[in-house]
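Some notes on the structure that comes next.
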Amino acid sequence: MKKLTILCLIILILTAISNVSVSAQTARNEVLIRNATVMTAARGTLTETDILIQNGKIARIGKDLKAAANAQIIDATGKFVTPGIIDAHSHTMLDAINEISSSVTSMTNVRDVLNPTDVSIYRALAGGVTTANLLHGSANPIGGQNTVVRYKFGRPVEEFVFPGAPMGIKFALGENPKRIGANPQPGQTPRYPITRMGTMEVIRDAFLRARDYKQSWDEYRAKVAKKDKTAVPPRRNLELEPMVEILEGKRLVHAHGYRSDEHLNLLLIADEFGFKVATLQHALEAYKIAPEIAKRGTGASVFADSWSYKLEAYDSIPYNAAMLWKAGVLVSINSDSDERARRLNLDAAKTMKYGGVPEEEALKMITFNAAKQLGIEKQTGSIEEKKDADIVIWSAHPFSVYAHPEMTMIEGVTYFDRAKDIQKRGDLAREREMLEKMDINKAPGTGGTAPRIPSEKRIEERDEADRTDGGNRR
Amino acid sequence: MKITNYELRITQIWRFAAFLLAAHCFLFTASAQNGGTQQNLTGKAGTFAITNARIVTVSGATIENGTIVIQNGKIAAVGANVSVPANAERIDGKGLSVFPGMIDAATNLGLAEISGGVPASVDVAETGMMNANAKAFTAVNPHSSHVNVTRVNGITTVMSMPVGGSIAGQATVINLNGSTQAEMAVVPNFGLVINFPRISTFGGFGGGFGAPQIDFSEAVKRRDTQLDGLKKYFKDTENYARTHEAYAKDKTLPYPETDIKMEAMIPYMRGERPIIFTAERERDIRGVVKFVEEMKIKGIIVGGQEAWKVADGLKKNNIAVIYTNIYNLPVRDDDAYDFLFEAPSKMQQAGVKFAVSTGNDGAEVRDLPYHAGLAGAYGLSKEDALRSVTLYPAQILGIADRLGSLETGKMANVVVADGDMLDPRTNIKYLFINGRLLPLTSRHTELYDAFKDRK
């Protein structure tokens, strides 16, 4: 009975939270956004412009567009429209981030630990984020496989996964993998590597093994092709299969790192094995090796201006994004944080101040460029006809500090609507009051059943592999 | 003994190597401070006049086209029709706006260079529970690279505070310019920081991460025990002070020993100087209000997530709130998504005195304008958003007679920008602290200059 009550409670709360978006799921086939300032992130900014959305796609962009009689009409006079923000580095909705037991965990995939009810998803939507690259943590030189999702809060988890997004994997260099090795849990032995020397060798060793593994399959397939009946298939190796996919150019490498020398060393390993690193993640010193990065066509996904929170972030400068952009590197700005994800628009704005990035290029750093880095730019990342209608309507210019999103849509369906959110708050407050009066929720010593121990959610900041924060933060 | 040429050369090589080593050590130490290229009492003193500028005085009406004169470290004149002294260096303010320097009223700036993984650079939390004598003023590093990085974004004054234990120590209010702590000082020892005991089911004092969870009623008990301990410490301080006063009057009494920690407590225990309580939740803030009433002390809240719910108690006891939660996520899943964004607006409506602060340990204090701006995006007026990082913190820190607005006679902490100071796209063009015109350089501009032309 008690369990049932708790279950009911949880369901009630979840329904309450998701109320706003669930009710928005029944969107009509046509949506017309009228008279907005449209920042396309591809073809400039269009004033007093309409956007017609049909079946989740942007059907037309222009003036005085007509819609079907039953279309949802949104008057966006005085408001700004941008593509949905794409967060190229996130751990939102992951129930686990690091498989720390091994230095190479390429067999794991964050797809297995997605939690579609994480309230951080809704809060990110309320900050204009529609798409995120969910990455394994940075505990291992070679981490797990990533998953690109759209934040369809309130929908089943399989609908979150971005269809057709290329496969990827997380690598990590520097302090985080070192620290995990050097600081084992009580009773455990240190894990190799504990230096930057070892980190590079772990990666090199994994690719050498992958090359041998590929060779064994190539030979087997050659024998099969020749109808050689003695051919015996090699045993499948789930650790090395993703590594072979990297060598074959089928899997994107997203490499966490801070110091420029170690990122450059990874680029040299990639040269050695003949693949391209898709993105350098964080890359706070990338400005020191901008030409080397640009030459290889590797992207960089950076923080706008975080620095000094650890030694390897001490040479981070807010001009980084602008300097990389000037050198011709494809740059995105990410959050790596449930909190920061809500204000990526302001992070993009900062690149205009630090280094003079033009407005549209700044906007691309949280939209189109991120889409390109993740290989989903044909579907999303800009406001262009035939693309998916992943759209944010802002109260003011999105780079103004006073702006907030009013609506966030994915494929034409509204997943965040500030007006409705505010409207529902009274209901939520009443529901909360009702729940608090229930026997199980009575305060201790007032005759109720002993309550569950309430848990306070911790604020997740960056993907520190452990909780090292100098021991001084609140 | 004759030294051969060979031996001499070896000696010289060793000497050279030792020199190199020493030089390297020196350079490394210096570069971990501020690039080693500048002392921090920098810039140029003199008489300056910024003319034809939009002057946002904050305390009064904005002057659309006016002049501000800076002389002897102070604002000598401000207004639409101000005569410019003959010896003044003129700055054409056409298209520019002039603001008072921003004030972040709750940071640990200068106490932690690299907060994660470099404990040698961190001085924010003393060991032990009762450290009233620990003074941020003695540990704040004038040469921290955070100083320059912060001020070039328009923040000219900060309160920096210790955080550890129950009584953490004394906070300092400093200007972000000076080669010594004394040169930076605005109020060397401003207030006493107390981490107000709170109900935490994570166990341990204040609920350290990793401690086993405890039952709620047990958490309440622990909080009460801690609170009793704190009250007893105040009582002990009172007795201590009276014993010493009695002895001062009558030397025949037994000689009382000096307790350096209680000695430091006295002005705070007596309500002569403010106590800064860290508290977030409604129940904890109510606890602070009760404590302030009972102990007859001056209180300030740092944190203040739910302070607006305790408006009456806070107002009655004249307790202001230094709000540090704009860049935080709501604690409960069913809190409104903008719960912490709109708290400043709710405090404003409820008439609670407040300031917006980053609550940051140094590196990100320069984001102060965006904290205030985001409060502006969620309900607070633009004018109040600006006040929340200028005049309001000055009032709470007791320095409004000297700082926080552009008024004649005030200390010349002045920012000249090409737009709204709270907007992330705005560029700071000129910066004055204590009347000195400062170069807009920092560790960041130096690294930028070093690498911007690398091909």
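Reminder, nothing fancy here: chain letters follow the sequence lines and each chain counts from 1. Excluded from the calculations below are hydrogen atoms, water molecules and symmetry mates; all remaining heavy atoms, backbone and side chain alike, are included. Since this is a predicted model, take the numbers as computed values, not measurements.
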Take A:Arg342 and B:Phe341 through the test side chain to side chain contact (heavy atoms under 4.5 Å, CB included) and record every step on the way to the result. CA-CA 11 Å; A:Arg342 310 171 306 161; B:Phe341 287 143; 3.7 Å; yes
Pair B:Arg425, A:Met352 - check side chain to side chain contact (heavy atoms under 4.5 Å, CB included), show working. CA-CA 6 Å; B:Arg425 295 164 294 183; A:Met352 296 178 68; 3.9 Å; yes
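If you measure heavy-atom distances from B:Glu218 to chain A, you find no contacts under 4.5 Å at all. Interface residue A:Ser316: only backbone heavy atoms are found under 4.5 Å from chain B. For a residue to count as touching a neighbouring chain, one of its non-hydrogen atoms must lie under 4.5 Å from one of that chain's; by this rule B:Asn153 touches chain A with the side chain only. Only the side chain of A:Glu292 comes within contact range of chain B, with at least one heavy atom under 4.5 Å from a heavy atom of that chain. Contact annotation for A:Asp315: both backbone and side-chain heavy atoms come within less than 4.5 Å of a heavy atom of chain B.
Side chains of B:Asp423 and A:Tyr402: no donor on one and acceptor on the other come within 3.5 Å. A donor-acceptor contact closer than 3.5 angstrom is absent between the side chains of B:Thr445 and A:Tyr319.
Note on B:Asp367 versus A:Lys350: salt bridge recorded, some NZ/NE/NH1/NH2 to OD/OE distance being below 4.0 Å. Contact check on A:Asp305 versus B:Arg366 returns a salt bridge, with a Lys/Arg side-chain nitrogen under 4.0 Å from an Asp/Glu carboxylate oxygen.
The salt bridge (Lys or Arg N to Asp or Glu O under 4.0 Å) contacts involving residues 373-386 of chain B comprise B:Asp384-B:Arg387, where partners must be two or more places apart or lie in separate chains.
Atom CG of A:Leu264 is surrounded by more than 12 heavy atoms from other residues, nucleotides or ligands within 6.0 Å.
Interatomic distance, A:Tyr354 OH to B:Asn427 CG, rounded to the nearest 0.5 Å: 9.0 Å. Expressed to the nearest 0.5 Å, how far CZ of A:Arg432 lies from CG of B:Asp334 amounts to 4.5 Å. Of the inter-residue distances, the one linking A:Tyr314 atom OH with B:Ile114 atom CD1 reads 5.5 Å to the nearest 0.5 angstrom.
Of the listed residues (A:Leu346, A:Asp347, A:Thr351, A:Asn320), the one with the most heavy-atom contacts under 4.5 Å to chain B is A:Leu346. Among the candidates A:Ala403, A:Ala290, A:Pro291, the residue making the largest number of heavy-atom pairs closer than 4.5 Å to chain B is A:Pro291. Ranked by heavy-atom pairs under 4.5 Å with chain A, the list B:Gly164, B:Ala219, B:Ala112, B:Gly373 is led by B:Gly373. The greatest number of non-hydrogen atom pairs below 4.5 Å with chain B, out of A:Lys326, A:Glu359, A:Glu175, A:His397, is found for A:His397.
Checked against the 6.0 Å centroid criterion, the rings of B:Tyr337 and A:Phe416 qualify as a close aromatic pair.
When the options B:Leu340, B:Ile326, B:Leu329 are evaluated for a side chain to side chain contact (heavy atoms under 4.5 Å, CB included) with A:Glu339, the one that passes is B:Leu329.
With sequence neighbours left out, B:Tyr323 forms a ring-ring contact (aromatic ring centres under 6.0 Å, His included) with no residue at all.
Judged purely by atom type and a 3.5 angstrom limit, A:His404 uses its side chain to pair as donor or acceptor with the backbone of B:Ala377. In this structure, A:Ser308 contributes its side chain and B:Ser115 its backbone to no donor-acceptor pair below 3.5 Å.
By the 4.5 Å heavy-atom criterion applied to side chains, B:Asp338 and A:Arg418 are counted as neighbours. At a threshold of 4.5 Å between non-hydrogen side-chain atoms, the residues B:Lys452 and A:Met323 count as touching. By the 4.5 Å heavy-atom criterion applied to side chains, B:Glu364 and A:Trp307 are counted as neighbours.
Considering every non-hydrogen atom in both A:Val401 and B:Pro424, the closest pair reads CB-CD, 3.8 Å.
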